[in-house]
Amino acid sequence: MADQADEVTATSSATLDDAREFVARWSWTEALTAARSVTPGSGRPEGDRLDILAESSWWLGRLDDCIEAREQAYTHYLDAGELRRAGQCAVWLWEHHGMRARPAIANAWLRRARRAVGEDVESVEYGHLILREAEGLHGSGDLKQASAMAREALTLGQVLGSIDLEAEALQTLGRVLIDQGAPAEGLGHLDEAMLSAVEGKLRPYTTGKVHCSMISACEELGDLHRATEWTDATSRWSERHPFAMWPGICRVHHAALLQARGDWDAAEREARQACAELSGFHLPNVAAGYVEIGEIRRRLGDLRGAEEAFATAEDMSGQQSAGLALVRLAQGRIDEASGIITRMLAEQSWNQLTRAKLLPARVQIAVAADDLGAAEDATAELERIAAEYASPLLMAAGLTCRGRVQLAAGKSAAACGTLRDALHRWQELEVPYEEATVRLLLGQGCRQCGDDDGAGRSLANAAAIFDRLGASLDARSTRDLTTTAQAALPAELTAREAEVLRLVASGQTNKEMAASLFLSERTVARHLSNIFTKIGATSRTAAAAFAYEHGLA
């Protein structure tokens, strides 16, 4: 659409009122053309013309042009003594520079907005200002003050009869309440804001912001069914308004849901299209799109492709991802994996829902590092958060982590019971990759309990799901475990001991074997001691030779 706007020539004799009429009809190309054709002036009229140029450029995806025009509009309004309008321009410039990932410049504009309208507390512009300040406080963890300011903006919107300010305040307050541990109340506020959006009562920007906020909240809470419902509604709306951020941001959310449902090809297409649509416009969401691509590549077994996607996201956002930590784990670089996930958790000291997304990776990496104490602590924290938010997805994740820790600690019977509960919950949520992962863990638990038939069935079902998804590395490792279980074992080796011996023959270290088998290094060492005794070996080389001789390698 930017190309289309480039082709428009400002040859008409449009007036400023014509430009305003085009804005009212959301006819952004025509509004841009009309505003360009008006002879530049001074004072408030020139501020209005520049503001229309900025608004139209924003919706046409021309963010640099938008910023330039809005900064000029701010100056003209300020010179004319129009402090409310100058303050509103400064608020928008906070948004614009945030999309460019320029937080210092964005915050400087917010301070200018405070100076312009900070004393005019009975205005819509003041309401927009304190909502952005509330968002900043929310991001820093000051939930009490953020909630108070959002409530102040909500009251102001209702008193002034501004449905847009009221809706924005409802969504801001809703998100804060969710992070304060009141998800039902928070979602209720978001539902109320969404009602105004679907009724067509809101400006297009407010509509899009409320839509995206609702979907993000559903994703945070793991409410996949609700997220799917709202994503469908948002996608239909964004396709009718294909400007600026939409439908790109909606595609990022849609990709996350498709990934959870196991439709990875469609998820990657959506994520890549979102990155293309948002490139050069909204860097934080482009980074989020690349994180989704990295997760898909990782699960497909394309570790190099995952690394590249995660690196691109980090370059844009300055933040690493839990997916990169799991890539390092798959590569046997356990210390690096532990360092990444530990730093990420430290950076999210107050945000429980964000921590909840990181804790499963923390558990998996801690088990591989033979740090069962850290794995237990992370599991307990995840279980507490899941109970507080009554999130079905977080509860399923907590049970999976609990079963993983029990398995690593040698509590195989307890692990099997826990993992069966987790399996049932993942099946209800219709999340196939996690279902297959739990089946893999359950197969190992059954084997430790001596239930070879149960182990075989669970592993075979896991391999079939991994195959269907295209998760090549997971399918191969699961099939290797199944093959080992079915083979006749020499020297009275157990199935688990045969697995360890096979990995010794492949050259893996104790730490790498622990990561592959979801065991602690201590447990691996114990198995190795038993293996050496049974086969009469005194070195890893001799053990590897025994494995090759008996078809275990």
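All values reported here derive from a predicted model rather than from experimental measurement.
Inter-residue side-chain proximity for R299 and Q259 is flagged as met; some heavy-atom pair is nearer than 4.5 Å. The closest side-chain heavy-atom distance from S317 to Y290 is not below 4.5 Å. Side-chain contact between E166 and L156: absent, with no pair of heavy atoms (C-beta onward) separated by less than 4.5 Å. Side-chain contact check for F310 versus E314: every heavy-atom pair is 4.5 Å or farther apart. Residues P360 and T400 have side chains not in contact (no heavy-atom distance under 4.5 Å, counting atoms from C-beta outward).
Checked for salt-bridge contact, D51 and R85 miss the test: no charged N lies under 4.0 Å from a carboxylate O. A salt bridge links R70 and E55; the closest N-O separation between the charged side-chain nitrogens and carboxylate oxygens is under 4.0 Å. In this structure, E307 pairs ionically with R328, as a charged nitrogen and a carboxylate oxygen lie closer than 4.0 Å. Ion pairing between R44 and D48 holds under the 4.0 Å rule for side-chain N and carboxylate O. Between R297 and E268 there is a salt bridge, with a side-chain nitrogen of the basic residue lying less than 4.0 Å from a carboxylate oxygen of the acidic one.
In this structure, R132 fails the cation-pi test against W109, since its NZ or CZ atom is not both closer than 6.0 Å to the six-membered ring centre and inside 45 degrees of the ring normal.
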For this session: Take E295 and R298, measure what salt bridge (Lys or Arg N to Asp or Glu O under 4.0 Å) needs, and give me the verdict at the end.
Result: CA-CA 5 Å; E295 280 297 311; R298 179 182 69 80; 3.1 Å; yes

Exercise. Under the salt bridge (Lys or Arg N to Asp or Glu O under 4.0 Å) criterion, do R402 and D421 qualify, and how do the steps go?
Worked result: CA-CA 11 Å; R402 174 59 62 193; D421 193 358; over 6 Å; no

For this session: Evaluate the salt bridge (Lys or Arg N to Asp or Glu O under 4.0 Å) criterion for residues K209 and E135: first the C-alpha distance (whole Å), next the side-chain angles of each, then the deciding distance (0.1 Å), finally the verdict.
Result: CA-CA 13 Å; K209 187 167 185 175; E135 288 181 24; 2.9 Å; yes

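Note that OH of Y433 and CH2 of W264 are 6.0 Å apart. Values are rounded to the nearest 0.5 Å.
Within 6.0 Å of NE2 on H424 lie no more than 12 heavy atoms contributed by other residues, nucleotides or ligands. For E122, the CD atom counts as loosely surrounded, since its 6.0 Å shell holds 12 or fewer non-hydrogen atoms of other residues, nucleotides or ligands.
Applying side-chain hydrogen bond (donor to acceptor under 3.5 Å, both in side chains) to R355 and the options Q348, E381, E347 leaves one that passes, E381.
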